[in-house]
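Proteins get letters first, then strands, A, B, ... in listed order; numbering begins at 1 in each. This one's a predicted model, so the numbers in the text were calculated from it and none came from an experiment.
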There are 2 protein chains.
Amino acid sequence: MNTHSDSENSLSRMEEMVSKLRALEFRLTPQRMAVLEVLAAGEGHPSVKEVHEIVKRKFPTTSIATIYKTVNLLKRINEILEISIPGGSKRYEGGKPFPHPHVICIRCKKVIDLDLGPLKDITTRIADDTGFEIRSHRLDFFGVCGDCKSREKLTQKQRRQRHDK
Amino acid sequence: MNTHSDSENSLSRMEEMVSKLRALEFRLTPQRMAVLEVLAAGEGHPSVKEVHEIVKRKFPTTSIATIYKTVNLLKRINEILEISIPGGSKRYEGGKPFPHPHVICIRCKKVIDLDLGPLKDITTRIADDTGFEIRSHRLDFFGVCGDCKSREKLTQKQRRQRHDK
DNA sequence: ATGAATGCAAAAATTTTGCAGAGAA
DNA sequence: TTCTCTGCAAAATTTTTGCATTCAT
């Protein structure tokens, strides 16, 4: 683990986000800062609802519309990454706002970052082949995480026992 | 192009889907068959709404709920692939019901299939690294297609002219 | 002071669900 | 005949939008 560089990272992500907003002359309201803090912390991959819950602890009157507006703003200026989860709501990631692969549990919707090399070669080839101007990509793997696998085995065992009776 | 093998492909996809449904003892209603036909044809990547439009031509009273139910059934038994489009509704593909890469236009939401090799090696490594049992993946590239690029250039030119006046 | 952001409520958009009746097996 | 599927309407989700008010700059 590397807690030190993690907090360094969140600090700098916070600074980066704030600079970008300032540079583009967006206003730094308390609610907006609170959203930034949640996403810059880089802990997990929260949904809008989860961000809202956390922000409301500090500013209880914060509306979900404000969270949506802020998250969409941050997405538009490429300061957060949006991850769509089949069968779940969208998740947001401020720690690494560039495309990178994930592993997603189809049971508990847990999201884990992966670190493969960049797909630059493939991207270039695809641009050449299709005439698209490629701007981003997503590479996500879906499966069942260790925890949910154990739970499934338990359930199977229970089911078998029930049948055996 | 290869129209012959295309229609062969849709024929066999249709047969495959029907067999699968029969094997699992689902009923082959006219509405269900119509949905199958649309998706087995493998033309494009229609949304539920688009499938509904087409099915209604033959069976005008078909409800959108039936389309949702059928599409979700086909997804569950792995006979169609679901593609989530950021800023758009989900799309479905019956021609190639296994994970494969796409290029998606972020302007007009056009979807094009790609044919890269399988990601088997990567998948195995990820399973080993994360303890996940990997069941599927998605690899999609986002960009602006040739058509939309031309349109954007036109708009830019118009904008420039307006400013130059 | 000025214009942008907030909060609220209403509206959209998408998908799911319950249930009575129709129809495939 | 039986049990699944359909169609309809209602509900649940998720996200967007309009507008008066507040507030950052």
Side-chain angles (χ1 to χ4, degrees), chain A residues 17-39 45-77 79-80 82-92 109, chain B residues 17-39 45-77 79-80 82-92 109:
Chain A
M17 288 184 179
V18 170
S19 310
K20 178 75 91 67
L21 286 175
R22 250 199 260 279
L24 298 172
E25 300 185 83
F26 289 106
R27 296 190 176 171
L28 300 173
T29 63
Q31 296 90 332
R32 200 165 264 178
M33 292 298 279
V35 173
L36 288 195
E37 270 165 31
V38 173
L39 291 168
H45 303 77
S47 64
V48 163
K49 199 189 277 184
E50 285 164 348
V51 174
H52 189 212
E53 297 304 331
I54 298 172
V55 168
K56 273 198 293 189
R57 290 180 204 153
K58 239 190 194 171
F59 304 102
T61 63
T62 308
S63 139
I64 188 102
T66 297
I67 310 294
Y68 271 105
K69 285 167 186 168
T70 304
V71 158
N72 285 336
L73 169 61
L74 292 172
K75 184 174 62 171
R76 210 161 355 115
I77 66 174
E79 286 298 317
I80 60 177
E82 182 181 84
I83 307 155
S84 77
I85 311 282
S89 40
K90 285 175 190 147
R91 309 292 203 78
Y92 296 90
K109 316 297 184 206
Chain B
M17 288 185 179
V18 169
S19 310
K20 179 75 93 61
L21 286 174
R22 250 199 259 280
L24 296 172
E25 298 184 83
F26 289 106
R27 295 189 177 170
L28 300 173
T29 65
Q31 296 89 334
R32 202 166 262 177
M33 292 298 280
V35 173
L36 288 195
E37 270 165 30
V38 174
L39 291 168
H45 303 78
S47 64
V48 163
K49 200 188 279 182
E50 284 164 350
V51 174
H52 188 213
E53 297 304 332
I54 297 171
V55 169
K56 273 198 294 188
R57 288 180 206 155
K58 242 191 194 170
F59 304 102
T61 63
T62 309
S63 140
I64 188 104
T66 297
I67 310 294
Y68 272 105
K69 284 166 186 168
T70 305
V71 158
N72 284 336
L73 168 61
L74 293 172
K75 185 175 61 172
R76 217 169 340 126
I77 66 175
E79 285 298 317
I80 60 176
E82 182 182 85
I83 308 155
S84 76
I85 311 281
S89 39
K90 285 173 189 149
R91 309 293 203 77
Y92 296 91
K109 317 296 184 207

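- For the OP1/OP2 pair of D:dG7 and a distance below 4.0 Å, the side-chain nitrogens and oxygens of B:Q31 include at least one atom meeting the criterion.
- Regarding A:I64, its CD1 atom lies at a distance of 19 Å from the P atom of C:dA5, rounded to whole Å.
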Listed pairs, N/O of protein and of nucleotides 1-3 of chain C, under 3.5 Å:
unit_1 : atom_1 : unit_2 : atom_2 : d
C:dG3  : N2     : A:R27  : NH1    : 2.6
C:dG3  : N3     : A:R27  : NH1    : 3.2

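- Side-chain contact check for B:E50 versus B:V38: every heavy-atom pair is 4.5 Å or farther apart.
- A heavy atom closer than 4.0 Å to some atom of DNA chain C occurs in A:T61, A:T62, A:S63, these being the qualifying members of residues 54-63 of chain A.
- When the C1' atom of D:dT15 is taken as reference, atom NZ of B:K90 falls 14 Å away, rounded to whole Å.
- Among the heavy atoms of the strands lying under 4.0 Å from B:L28 are primed sugar atoms or P, OP1, OP2 only; no base atom is included.
- The CG atom of A:N72 sits 13 Å away from the P atom of C:dA5 (whole-angstrom rounding).
- Between B:R32 atom CZ and D:dT4 atom C1' there is a gap of 8 Å when expressed in whole angstrom units.
- The side chain to side chain donor-acceptor pair (under 3.5 Å) search around A:K109 returns none, not counting sequence neighbours.
- Residue A:T66 places at least one side-chain N or O closer than 4.0 Å to OP1 or OP2 of C:dG7.
- With contacts defined as side-chain heavy-atom distances shorter than 4.5 Å, the pair A:P86/B:E82 qualifies.
- The distance from atom CD1 of B:I85 to atom P of D:dT14 is 20 Å, rounded to the nearest whole Å.
- Proximity of a side-chain donor or acceptor of A:K20 to a complementary backbone N or O of A:I77 within less than 3.5 Å is detected.
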Side chains of residues 62-74 of chain A: which donor-acceptor partners sit under 3.5 Å, not counting sequence neighbours?
unit_1 : atom_1 : unit_2 : atom_2 : d
A:T62  : OG1    : A:F59  : O      : 2.6
A:S63  : OG     : A:A65  : N      : 2.9
A:T70  : OG1    : A:T66  : O      : 2.8
A:N72  : ND2    : A:Y68  : O      : 3.3

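- Note that NZ of A:K58 and CE of A:M33 are 8.5 Å apart. Values are rounded to the nearest 0.5 Å.
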Decide yes or no on side chain to side chain contact (heavy atoms under 4.5 Å, CB included) for A:E79 and A:L39, but give the supporting numbers first.
CA-CA 9 Å; A:E79 286 298 317; A:L39 291 168; over 6 Å; no

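- Proximity of a side-chain donor or acceptor of B:R32 to a complementary backbone N or O of B:R27 within less than 3.5 Å is detected.
- OP1 or OP2 of C:dT6 has at least one side-chain nitrogen or oxygen of A:T29 nearer than 4.0 Å.
- Side-chain contact between A:L28 and A:R22: present, with at least one pair of heavy atoms (C-beta onward) separated by less than 4.5 Å.
- Counting to the nearest Å, the P atom of D:dT15 and the NE2 atom of A:H52 are 13 Å from each other.
- Using a 4.5 Å heavy-atom threshold, the side chains of B:E37 and B:V55 count as separate.
- In this structure, a donor-acceptor pair under 3.5 Å is present between the side chains of B:S84 and A:S84.
- In this structure, the helix from C:dA1-D:dT25 to C:dA25-D:dT1 shows an angle of 40° between the axis at its start and the axis at its end, each fitted on 5 base pairs and rounded to 10°.
- In this structure, B:R22 places its CZ atom 16 Å from C1' of D:dT4, rounding to the nearest Å.
- The distance from atom CD of B:E53 to atom CZ of B:R57, rounded to the nearest 0.5 Å, is 8.0 Å.
- Whole-Å rounding puts the A:L21 CG to D:dT25 C1' distance at 14 Å.
- Minimum atom distance to the side chain of B:P30 is reached by C:dA24, of the listed D:dA24, D:dC5, C:dA24.
- Here A:K49 reaches the OP1 or OP2 of D:dT14: one of its side-chain N or O atoms lies under 4.0 Å away.
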Show each protein N/O and nucleotides 17-19 of chain D N/O combination with a separation under 3.5 Å, one pair to a line.
unit_1 : atom_1 : unit_2 : atom_2 : d
D:dG18 : O6     : A:K69  : NZ     : 3.3

